[in-house]
Chemist: 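Just dropping this structure here.
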Amino acid sequence: MQAKFYLNKSDKRYLNKTLELKYDNIPIQILEPSSVVRPRLRVSSGLIGQGVNYLYIADLERYYYISNWIMENGYITLECEVDVLMSFKSSIKSQNVIVKRNEKLFNMYLEDGQYKVQNRTAVRTVVFPSGFTGHQIILGVVGSPSTN
Amino acid sequence: MSSVKTNYGYYQNLADGTYLPSVNYADGIRYNIPFIDVEQIAYFPENRSWFYYEEGQSNPITWFDYSENANSLSTKSNFTYTSDFSSKHTILMNGFSDITEEDLNALKESFNNDVSWLWGSLDDGGAFMYKSASNPSDVNTLAYHFMVCWGEFEREPDNPDYNRGKYFYHFTVMDGGTAKPLDQVYNVGFYISTQPGSVEREAVMNVFYCTNREDNRVFCGNCSGSASVFMETPQVATALTEWDINIAPEILVSTPARAWYFEGGSRNSNVEVYGFDFDNTIWISGNPFSEDEFGGDPAGIGGNASGGGGYGTPAQDTGDVDGESADDLNLLSIINSGFATLYNPTSQELSDFASFLYTGITDSIANQLKKLVANPLDYVLFVALCKFNPPTNGRSIIGFGSVSSGVSAQRISNQFYELDCGTISYSEQFKSFLDYAPNSSVKIYLPFCGTHDLSIDDVMGSKIKVNYLIDLLSGTCIARVKITRQIRSTAPQDARVNDVIYEFQGNVYLTAPISATDWRGAYQSLIGLAGGVVGGLASGGLAGATALVSSVASSVTSQKVSVGRSGQAGSNYGYLNNKKPYLILERPIQSHPNNWGAFEGYTTNVRAKVSQLSGYTEIDESTLWTDFGFATDEETQMIKDIMNGGVYL
């Protein structure tokens, strides 16, 4: 079994990782027992250097983070964890989903509890163009105007 | 085509509820052109290609040809821009009804997320634009494609070849290439009809293109000479006008940046400015942006609720609510009945009348007056001060019962009087939920009626008019708040409004007591009023107030103390208060780091394919996932957890 070793420069939350191939077609041995999700691999010392943190195993069709690096007796034991995003990228991209938050597709009229506002508010007034003006006297009396 | 996705749905034929295009400026309805998105562009599903026919040609020309290996439209064979405005092409009509979801998704992928935007309907007539890389070797050279088309109509009734055609008119504005002159405008004519088979109006899509950052004003070639669109930064804008009417009531700009429409040298606030972005979203400004309206960090533009967002047929406008008019009320009034008369004396005339009352009543006059009342002063109904000019119709001698006072004064002609305080507009600042309750609030101060709460939903994006109806006999007034809002979309909240929806009572007189009895009563009543409750004091939130750590918008506003901003406002108190109505707007002050959306995204509620999304994304837990191929259960759960928690696509 072989693996490609990379330097991953991306955060784990990126679907598409920025990978720099460091070592190609390196023979590896999967230690038993191992799960496909968290396999333990053994690589001969000297085949890979310290500048890797990521690998791809074609036989398993999966990408892995290297979570631990143990050196003993001329071998390097790698404890890995599957990168489900890269491993199943095609399946993920084909999914029809309900999007809750997105950087570019959004509806700003939906309440957003993550919005931060200051504890003070802005108050302003907008005055109508007209209103009551002038000073007048109104006198009301019983009866009609005099004709005298 | 039967399904029209009205993302912002602001166009609809209200008469029959169907999405048909029409333009009718005369009666105030701006447009009835449905807005749909790229998914409904016609094409042949069997080979995933769009075809069109040259006029007079029998062989179709491939317009867009989707293939697995294609990476941009410009690499497609036979894809040509048309700079010759005179050429017209016909799109085959056959492609609309048989599109599968898979085909549509493939179509969108072929655009590489440079999603087309439609303003109108290819099926029923409209215009649209999209962008793509004009030069595949340089992604910075963008081409903006503009197309207009119209639906089936009988342009030439005796020529069957035109009966079933769909025409489009396509041209391109290039960016990153040859510099454009300042007033680069493309005019494209197209037809709009209210129903297939007829042509009712010919309209023009004017495309403005601006590259010069120094002077970003471009002029509408088909508008009046002084009409222009002012834009910041290089961008494109379109405006629909009528061919023979040089107005542009609506403008769309290519980025949600500032844009104004100028007419006659000044900004025309009646022109709606809409911004759109090329990821198929659009925002509606309501009114052109101004510096202070744009506020702090732009919250972004309204997205696509993709159905389920309440976009139904709005309640039909059943008529305007205007309230009672003074003219109608004055058809029958007390003051012209002979029982009472109102006068508008000057200070001197009132003084002369007072002299008559207190020194000029002889014994014979007093005896005559006492035939009806014991106290002659009872013939005086009231004396009041007011802050407006009542309507008068000439001078009369003030009658005092059956006796002449000898004092003349202007006679008030009508019992009921309307006073118009004018109209203001109220528009969004944040273009987001922050503009609405409970995050923002609006109150209105009305002279003589006090301060009252208004519902932001009622007044947002509207013109607000205040008008008083006053009974001059009693001083009683009704302050009416009328909301006017044109139809903006098919969403219920954007239906046309032209109604008085608030009425508040008050009294506009500062009444002077005219006897000792009156003084005692008035004084006691004033004391009682002074000790009364000042309205609107703190309610809610105080007892349970807790320190706010995160200052999240809704938490902040719900904890705010509700305060009254005025006490008694009627009658004598009102005479001392402000004399013009005003709105009191209270808005939050948002706090965002730069590029916040790239780290946390914004709320949305749409259904989409993951491949169509980009940037920070969180998937809702309610998503029904299909299988992930050979992933184990644990891996499947890991995928869901990560996608729900937030990923960068």
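Hydrogens, waters and symmetry mates play no part in the numbers below; they use all other heavy atoms, side chains included. Order of the sequence lines sets the chain letters (A, B, ...), proteins ahead of strands, with each chain counted from 1.
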Chemist: Less than 4.5 Å to any heavy atom of chain A: does that hold for the side chain of B:R587, its backbone, both, or neither?
Modeler: both
Chemist: Can we call the ring centroids of B:Y648 and A:Y14 under 6.0 Å apart?
Modeler: yes
Chemist: Could you give me the CA-CA distance, side-chain angles and deciding distance for A:E103 and B:S614, then say whether side chain to side chain donor-acceptor pair (under 3.5 Å) is met?
Modeler: CA-CA 7 Å; A:E103 178 182 343; B:S614 63; over 6 Å; no
Chemist: What distance separates B:E586 CD from A:T121 OG1, expressed to the nearest 0.5 Å?
Modeler: 3.5 Å
Chemist: Tell me the closest heavy-atom pair linking A:G131 and B:C421, and the distance in Å.
Modeler: CA-SG, 4.0 Å
Chemist: Highest number of heavy-atom pairs under 4.5 Å with chain A: which of B:E621, B:M638, B:M643?
Modeler: B:M638
Chemist: B:F433 vs A:D112, test: side-chain contact (heavy atoms from CB on, under 4.5 Å). Steps then yes/no.
Modeler: CA-CA 8 Å; B:F433 67 98; A:D112 190 343; 3.5 Å; yes
Chemist: Just wondering, do B:Y379 and A:V141 contact through their side chains at under 4.5 Å, heavy atoms?
Modeler: no
Chemist: Verify whether one side chain among A:N102 and B:T617 offers a donor that lies under 3.5 Å from an acceptor in the other.
Modeler: yes
Chemist: Evaluate the side-chain proximity of B:L419 to A:F132: yes if any heavy-atom separation is below 4.5 Å, no if none is.
Modeler: yes
Chemist: Is there a side-chain contact (heavy atoms from CB on, under 4.5 Å) between B:E635 and A:V37? Walk through the geometry before answering.
Modeler: CA-CA 7 Å; B:E635 289 171 324; A:V37 175; 3.7 Å; yes
Chemist: Non-hydrogen atoms of chain A under 4.5 Å away: do they reach the side chain of B:I412, the backbone, both or neither?
Modeler: side chain
Chemist: Considering only heavy atoms and a distance below 4.5 Å, find which of A:V127, A:V126, A:L15 pairs most often with chain B.
Modeler: A:V126
Chemist: What residue in B:V647, B:V442, B:I619 has the most heavy-atom pairs under 4.5 Å with chain A?
Modeler: B:I619
Chemist: Going by distance alone, is a donor N or O of one side chain under 3.5 Å from an acceptor N or O of the other, for A:E111 and B:T603?
Modeler: no
Chemist: Between B:N344 (side chain only) and A:I137 (backbone N and O only), is there a donor and an acceptor less than 3.5 Å apart?
Modeler: yes
Chemist: B:N644 versus chain A, heavy atoms under 4.5 Å apart: side chain, backbone, both or neither?
Modeler: backbone
Chemist: Determine whether a donor-acceptor pair (N or O, by modelled atom type, separation under 3.5 Å) exists between the side chain of B:T604 and the backbone of A:V99.
Modeler: no
Chemist: For the CZ atom on B:R395, are there more than 12 heavy atoms of other groups (residues, nucleotides or ligands in this structure) within a distance under 6.0 Å?
Modeler: yes
Chemist: Begin with the C-alpha distance, continue with both residues' side-chain angles, and end with the deciding distance and a verdict on side-chain contact (heavy atoms from CB on, under 4.5 Å) for A:T133 and B:F388.
Modeler: CA-CA 5 Å; A:T133 59; B:F388 56 91; over 6 Å; no
Chemist: A side-chain contact here means heavy atoms from C-beta on lying under 4.5 Å apart; do B:P390 and A:I138 qualify?
Modeler: yes
Chemist: For residues A:V84 and B:F628, determine if any side-chain heavy atom of one lies less than 4.5 Å from a side-chain heavy atom of the other.
Modeler: no
Chemist: Measure distances from B:S408 to the heavy atoms of chain A and classify the residue's part below 4.5 Å as side chain, backbone, both or neither.
Modeler: neither
Chemist: Does any heavy atom of chain A fall under 4.5 Å from the side chain of B:I424, the backbone, both, or neither of them?
Modeler: both
Chemist: Rounded to the nearest 0.5 Å, how far does CZ of A:F88 lie from OG1 of B:T636?
Modeler: 7.0 Å
Chemist: Are A:T125 and B:L585 close enough that some pair of their side-chain heavy atoms sits under 4.5 Å apart?
Modeler: no
Chemist: Relative to chain B, which segment of A:L85 carries a heavy atom at a distance below 4.5 Å: side chain, backbone, both, or neither?
Modeler: side chain
Chemist: In terms of heavy-atom pairs under 4.5 Å, which option from B:A340, B:A608, B:G629, B:G615 contacts chain A the most?
Modeler: B:A608
Chemist: Check this for me: A:Y75, atom OH, are more than 12 non-hydrogen atoms of other residues, nucleotides or ligands nearer than 6.0 Å?
Modeler: no
Chemist: Nearest 0.5 Å, please: how far is CD in B:Q612 from NZ in A:K93?
Modeler: 11.0 Å
Chemist: Hey, does A:F128 have a side-chain heavy atom less than 4.5 Å from the side chain of B:Y445?
Modeler: no
Chemist: Let me confirm one number: the OG1-CD distance from B:T623 to A:Q95, rounded to the nearest 0.5 Å.
Modeler: 9.0 Å
Chemist: Out of curiosity, B:S611 OG to A:K89 NZ, how far, rounded to the nearest 0.5 Å?
Modeler: 12.5 Å
Chemist: Check whether any side-chain heavy atom of B:K387 lies under 4.5 Å from a side-chain heavy atom of A:H135, and answer yes or no.
Modeler: yes
Chemist: Under 4.5 Å, counting heavy-atom pairs only, tell me which of B:D420, B:I444, B:T423, B:I589 racks up the most with chain A.
Modeler: B:I589
Chemist: Which heavy-atom pair separates B:G422 from A:S130 by the least distance, and what is that distance?
Modeler: N-CB, 4.5 Å
Chemist: Is a side-chain N or O of A:R101 found less than 3.5 angstrom from the main chain of B:G601, in a donor-acceptor match?
Modeler: yes
Chemist: Would a 4.5 Å heavy-atom cut-off, applied to side chains only, mark A:R62 and B:F630 as touching?
Modeler: yes
Chemist: Name the member of B:L350, B:T626, B:L342, B:T632 that forms the most heavy-atom pairs with chain A at distances under 4.5 Å.
Modeler: B:T626
Chemist: Can you tell me which of A:V82, A:N16, A:D11 forms the most heavy-atom pairs within a distance under 4.5 Å of chain B?
Modeler: A:V82
Chemist: Quick one: do B:E634 and A:R38 make a salt bridge, cutoff under 4.0 Å?
Modeler: yes
